[in-house]
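We number each residue from 1, following the sequence as shown. Counting starts at 1 for both ligands and their atoms, following the listed order.
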Amino acid sequence: MTVKVRKAIFPVGGLGTRFLPATKAMPKEMLPVVDKPLIEYAVEEARQAGIEQFIFVTGRGKVIIEDHFDHSFELIEALKGRDKKVQLDSLSSSKFEPGQISYVRQQQPLGLGHAVWCARHLIKDEPFAILLADDLILSKVPCLKQLVHAYDENGGNIIAAMNVPPDQTSRYGIIEASKSKGNLHYIKSLVEKPDPSHAPSNLAVVGRYILSSDIFSEINNVKPGMGGEIQLTDAISQLIGRQDIYGLTFEGKRFDCGDKLGFLEANIAFALERSDLGDFRTVLSKYGG
Ligand code: G1P
């Protein structure tokens, strides 16, 4: 029997320099895809996977995220007064029960591993999920739910994975698998952002993880890696051989919303899914789409 995954970490401390000037005063996680901030898609996905405790690792300039997930009394009363039911319903996925959401600050941008480590006292000794909001995933079954399912069946640590073009390995953590069972790949080694000439494969890490709390002592010991940062990939790599670590090639399409083209494509793909935006196809066709 595995222990239920109840808690999720959302690292949202990054600077978002690739989206300046939009992200000068606004966190990149608040950029909307159609009409919903990126971070809210990640939160919805976590909820659908059974997550009950939401932990945000924030940084300077990110208080708007706290306001976004707070109860907005005046807005709700105004919408009720005007009988705006659709708009009221649209606020439901940013609503939390008291105590369900916590914020911890990463005081210095020392890397993803360090951001995750900042939440160690809130996770304690339970298995937990990590969701990177930049990775937006369109799928029938929410991606984290697919990971939870694999975790319930196999235990261990599960990382979302997908094949990327071989010339793009230097953008991702890259997995070397020793054996595969269906879409689950037993990880033999992991390397952060290798040059294509040194990459062990083109199976890349996508920003969804289920990890055991033993990762915290590994992060504690890990030396700064790629870019001088404390890398989560390096800490997971240290667990190999002591715990089972799997890559799961999930069903769905992932959009890199940390990149302008990926972000634009996500807007198109998500708009096309929306029944209330039926005219969007006509709009797109004007541009040869
Ligand atoms: C992070 C991880 C990397 C992973 C990627 C997925 O990198 O360090 O291993 O492949 O997310 O999006 P980042 O994109 O934050 O530099």
Side-chain angles (χ1 to χ4, degrees), residues 8-19 23 27-29 31 33 38-39 41-42 45 56-59 62 106 109-118 129-139 143-144 147 157-177 185 187 189-196 198-211 215 218-219 222-240 245-250 252-263 265-266:
I9 299 178
F10 301 84
V12 292
L15 288 176
T17 49
R18 284 195 277 176
F19 277 93
T23 50
K28 64 171 175 165
E29 296 79 9
L31 289 170
V33 167
L38 275 172
I39 187 63
Y41 286 96
E45 185 184 323
F56 289 75
V57 182
T58 69
K62 302 282 180 164
Q106 183 188 24
L110 298 179
L112 178 60
H114 178 262
V116 169
W117 181 80
C118 288
I130 304 170
L131 295 97
L132 307 185
D134 278 0
D135 283 336
L136 181 59
I137 298 164
L138 186 59
S139 57
C143 182
L144 187 65
L147 264 69
N157 300 264
I158 318 273
I159 305 174
M162 71 175 195
N163 286 302
V164 296
D167 63 347
Q168 290 181 10
T169 57
S170 59
R171 299 187 196 171
Y172 302 93
I174 295 293
I175 293 170
E176 183 183 8
H185 314 282
I187 298 181
S189 77
L190 260 183
V191 48
E192 181 68 4
K193 304 198 172 94
D195 186 84
H198 294 109
S201 79
N202 64 332
L203 188 59
V205 172
V206 174
R208 300 290 183 276
Y209 309 75
I210 293 178
L211 299 176
I215 196 68
E218 301 303 334
I219 300 174
V222 91
K223 302 259 176 309
M226 175 59 72
E229 296 188 342
I230 304 291
Q231 296 292 349
L232 182 62
T233 304
D234 296 344
I236 300 172
S237 188
Q238 290 186 173
L239 269 185
I240 294 173
I245 306 180
Y246 304 94
L248 178 79
T249 37
F250 55 95
K253 176 146 176 54
R254 171 259 188 187
F255 300 91
D256 179 4
C257 289
D259 169 79
K260 284 179 194 133
L261 279 182
F263 177 73
E265 190 184 347

- Task: Find the distance between CE (M162) and NZ (K253) and round it off to the nearest 0.5 Å.
- Result: 8.0 Å

- Query: What are the atoms of ligand 1, with element, lying closer than 4.0 Å to any heavy atom of Y172?
  - Reply: 10 (O)

- CG (L211) and CD1 (I245) are apart, to the nearest 0.5 Å, by 8.0 Å

- Task: Kindly confirm or rule out an N or O of Y209 lying under 3.5 angstrom from an N or O of ligand 1.
- Result: no

- Item | Nearest-neighbour protein heavy atom for atom 16 (O) of ligand 1, which is reported as residue plus atom name and distance | K193 NZ, 2.6 Å

- Item | Ring geometry between F19 and F263 (parallel below 30°, tilted from 30 to 60°, perpendicular above 60°) | perpendicular

- Any idea which heavy atoms bring G13 and E29 closest together, and the distance? N-OE2, 4.5 Å

- For D135, the ligand 1 atoms with a heavy-atom partner under 4.0 Å come out as 6 (C), 12 (O)

For residues 132-139, run the donor-acceptor check on the side chains, cut-off 3.5 Å, and write out each pair with its distance to 0.1 Å, sequence neighbours left out.
{"from": "D134", "atom 1": "OD2", "to": "K28", "atom 2": "NZ", "distance (Å)": "3.0"}
{"from": "D135", "atom 1": "OD1", "to": "R254", "atom 2": "NE", "distance (Å)": "2.9"}
{"from": "D135", "atom 1": "OD1", "to": "R254", "atom 2": "NH2", "distance (Å)": "2.7"}
{"from": "D135", "atom 1": "OD2", "to": "G207", "atom 2": "N", "distance (Å)": "2.6"}
{"from": "S139", "atom 1": "OG", "to": "V141", "atom 2": "O", "distance (Å)": "2.7"}

- For atom 10 (O) of ligand 1, find the nearest protein heavy atom and state the residue, atom name and distance (0.1 Å precision). V205 O, 2.7 Å

- Residue and atom name of the nearest protein heavy atom (relative to atom 9 (O) of ligand 1), distance in Å to one decimal: E192 OE1, 2.7 Å

- Taking only heavy atoms of T233 into account, list the atoms of ligand 1 that are under 4.0 Å away from them. 9 (O)

- Start with the C-alpha distance between T249 and L203, add both sets of side-chain angles, then the distance that settles side chain to side chain contact (heavy atoms under 4.5 Å, CB included), and finish with yes or no. CA-CA 9 Å; T249 37; L203 188 59; 3.7 Å; yes

- Subset of ligand 1 atoms that lie under 4.0 Å from at least one heavy atom of R254: 12 (O)

- Task: Compute the minimum heavy-atom distance from L232 to ligand 1 and say whether it is under 4.0 Å.
- Result: no

- Look up atom CZ in R171 and atom CG in D259, then write down how far apart they are to the nearest 0.5 Å. 6.5 Å

- Message: Starting from atom 11 (O) of ligand 1, what is the nearest protein heavy atom, named by residue and atom, and what distance separates them?
- Response: L132 CD1, 3.4 Å

